[in-house]
Q: 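One structure follows; several queries about it will come next.
Numbering of ligands and ligand atoms starts at 1, following listing order.
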Amino acid sequence: MNLHEYQGKELFARYGLPVLPGQVAGSPEEARGIAVSLGGTVVIKAQVQAGGRGKAGGVKLAHSPDEAMARAREILALTIKGLPVRKVLVAKAVDIVRELYCAIVMDREKKAPLVMLSAEGGVDIEEVARTAPEKIVRFHVPLEGLRPYMARNLVRPLFPDFAQAQQAADILLRLHRVFTEGDCSLAEINPLAVTPEGKVLALDAKVVLDDNASFRHPDWENWRDPAEETPGARLAREKGLSYVRLDGDIGCIVNGAGLAMATMDLIKHYGGEPANFLDIGGSSNPEKVTAALKIITTESHVRAILFNIFGGITRGDDVANGIVASLESSPLPVPLVIRLTGTNEEKARQILKEHGLGATTSMDEAVRMVIEKAQEVVA
Ligand code: GDP
Ligand code: MN
């Protein structure tokens with residue numbers, strides 16, 4: 001799960017990271033009120049999960065409450081990288097003399113957290129990584145964790161001023177606690193800013209939480225932004241189905257992740273494009289079948305649906321009952337192709353037949369058929 005900047009800063013503040021006070025607003029009037037209570041110059045920032053908001057006009061300074069309201073109105077009307085701005089963060093602003101980059105990301109290849117630091121902050125770090133990779137300091141955190149001396153050694157080359165280096169080392173250590181205790185896969189500060197007074201501050205927060213750890217953090221639910229989730233994705237999460245939306249037009253409902261991958265491969269092999277990955281799992285709960293069909297039919301880009309069931313633990317008759325029950329309660333808007341083989345295959349075929357549905361045993365044939373049907377819909 002990706003956090004908005006204001007949520008990331010909330011998390012940072014819990015760990016004592018130096019973030020400036022601010023609040024999130026959904027309207028220009030609300031933004032004005034926050035500016036009044038903060039006093040002085042404020043910065044208005046679009047809360048969308050995309051980088052480069054600054055360049056897109058989504059970050060603006062305001063020197064009075066009225067100006068804050070006007071800037072908020074402008075920013076709330078923006079769409080940044082396809083994402084409509086629904087909220088803005090109104091925070092105390094500061095003068096900046098330097099912008100650096102500081103992040104910890106999980107390096108899956110090395111199986112360790114990776115600290116990245118750069119004096120070239122503020123801008124796109126991907127750009128720095130491409131054009132001047134030597135300007136990024138990299139350090140894999142060893143199993144024992146990030147020790148204070150490691151943090152001091154890392155930041156020293158970037159901060160000639162001793163007092164600033166101390167602040168930066170402290171920030172890095174706290175960011176590491178955010179990363180480990182907070183179960184993040186990314187915790188990034190860009191810019192890590194230095195003020196004219198020599199204060200080092202986290203002016204931006206980008207946090208990605210590792211969903212595999214959500215069971216340890218019931219409070220994460222409060223951060224979930226329903227506006228960021230498609231109806232299909234929400235339903236899948238609620239029903240515990242693993243679902244990934246893709247851009248093709250063939251909806252796939254498959255039991256087992258391996259078979260789901262193979263199904264997608266075969267669709268591509270025959271020139272089709274899968275509209276999703278959806279694994280209904282190894283059990284044969286008819287409810288999951290119904291939920292899966294609901295998820296798929298919430299997506300407008302689906303032109304035909306393929307059921308691919310290999311019955312092992314999954315019983316074909318249960319799946320068939322699930323299909324029949326959901327078709328009876330809500331007929332499908334698009335053609336359906338069923339491939340079904342394995343446990344209780346005969347029973348399943350019988351149930352489907354009684355309801356006017358056919359099923360093939362060949363995955364090859366089913367895939368070719370569903371691609372054809374999807375094309376017929378377009379034609
Ligand atoms: P991003 O472009 O989406 O990464 O948004 P950031 O939060 O990083 O903001 C972009 C830029 O706005 C920063 O690099 C700063 O230059 C500027 N900025 C953000 N907050 C302040 C502030 O309090 N004061 C000043 N002067 N500039 C700020
Ligand atoms: Mn930034």
Side-chain angles (χ1 to χ4, degrees), residues 2-13 17-25 31 34-35 37-65 67-68 71-72 74-105 116-130 135-136 158 167-168 171-172 175 178-179 184 186-208 225 228:
N2 298 324
L3 295 189
H4 285 298
E5 174 190 5
Y6 76 92
Q7 299 167 326
K9 283 183 169 171
E10 222 176 277
L11 180 64
F12 282 4
L17 278 162
V19 292
L20 292 173
Q23 265 178 292
V24 72
I34 298 166
S37 66
L38 289 172
T41 304
V42 295
V43 58
I44 317 281
K45 307 179 78 177
Q47 296 301 287
V48 287
Q49 285 160 0
R53 293 167 303 165
K55 278 185 208 152
V59 179
K60 284 185 178 148
L61 293 175
H63 303 284
S64 70
E67 202 188 341
R71 296 291 93 79
E74 289 161 17
I75 295 174
L76 283 164
L78 293 176
T79 297
I80 299 175
K81 294 184 181 164
L83 303 166
V85 180
R86 294 192 177 87
K87 288 175 191 158
V88 290
L89 172 66
V90 183
K92 246 188 167 339
V94 285
D95 289 330
I96 303 170
V97 291
R98 281 185 78 196
E99 297 197 11
L100 298 99
Y101 178 90
C102 175
I104 305 178
V105 60
M116 288 194 284
L117 293 169
S118 178
E120 308 274 317
V123 288
D124 246 352
I125 197 67
E126 287 83 2
E127 182 66 24
V128 179
R130 199 168 47 241
K135 288 187 175 158
I136 303 176
L158 297 168
Q167 293 174 68
I171 287 171
L172 181 53
L175 190 67
V178 168
F179 183 85
C184 301
L186 171 72
E188 180 189 273
I189 305 172
N190 186 28
L192 179 67
V194 182
T195 68
E197 301 79 36
K199 271 217 153 120
V200 185
L201 300 170
L203 285 199
D204 192 6
K206 186 172 169 190
V207 173
V208 180
D225 186 346
E228 301 285 330

Q: Please compare Val59, Ile189, Ile125, Leu61 and report which has the shortest non-hydrogen distance to atom 19 (C) of ligand 1.
A: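 Closest candidate by heavy-atom distance is Val59.
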
Q: Any atoms of ligand 1 less than 4.0 Å from a non-hydrogen atom of Val94? List them with their elements.
A: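 Ligand 1 atoms under the 4.0 Å threshold to Val94: 22 (C), 23 (O), 24 (N), 25 (C), 26 (N).
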
Q: Could you tell me which atoms of ligand 1, counted from 1 in the order shown, lie closer than 4.0 angstrom to a heavy atom of Glu99?
A: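 Matching atoms, with element in brackets: 13 (C), 14 (O), 15 (C), 16 (O).
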
Q: Which of the atoms of ligand 1 are close to Ala93, meaning less than 4.0 Å from one of its heavy atoms?
A: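 In order of numbering, the contacting atoms are 23 (O).
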
Q: By number and element, which atoms of ligand 1 are closer than 4.0 Å to a non-hydrogen atom of Lys45?
A: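 Matching atoms, with element in brackets: 6 (P), 7 (O).
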
Q: Using modelled atom types only, decide if a donor and an acceptor are shared between the side chain of Asp204 and the backbone of Ile189 within a distance under 3.5 Å.
A: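 It does not hold such a pair.
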
Q: Any luck finding a side-chain donor-acceptor pair between Glu197 and Thr195 under 3.5 Å?
A: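 Distance-only check passes for Glu197 and Thr195.
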
Q: Would you check, one step at a time, whether the test salt bridge (Lys or Arg N to Asp or Glu O under 4.0 Å) holds for Arg130 with Glu126?
A: CA-CA 6 Å; Arg130 199 168 47 241; Glu126 287 83 2; over 6 Å; no

Q: Considering only heavy atoms from C-beta outward, does the side chain of Ile96 approach that of Leu203 to under 4.5 Å?
A: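 Touching, per the 4.5 Å side-chain cut-off.
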
Q: Which is it for Asn190 and ligand 1 at heavy atoms under 4.0 Å: side chain, backbone, both or neither?
A: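 It is the backbone that touches ligand 1; the side chain stays farther off.
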
Q: Distance to 0.1 Å, residue and atom name: give those for the protein heavy atom nearest to atom 27 (N) of ligand 1.
A: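 Closest protein heavy atom to atom 27 (N) of ligand 1: Ile96 CD1, 3.3 Å.
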
Q: Is it the case that the side chain of Gln167 and the backbone of Val200 share a donor-acceptor pair, with hydrogens and angles ignored and the cut-off at 3.5 Å?
A: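 Yes; judged by distance alone, with no hydrogens or angles, the pair exists.
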
Q: Applying a strict 4.0 Å limit to heavy atoms, is Asp95 in contact with ligand 1?
A: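 Under 4.0 Å: no for Asp95.
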
Q: Does the protein put a heavy atom less than 4.0 Å from atom 15 (C) of ligand 1?
A: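 Yes, there is one.
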
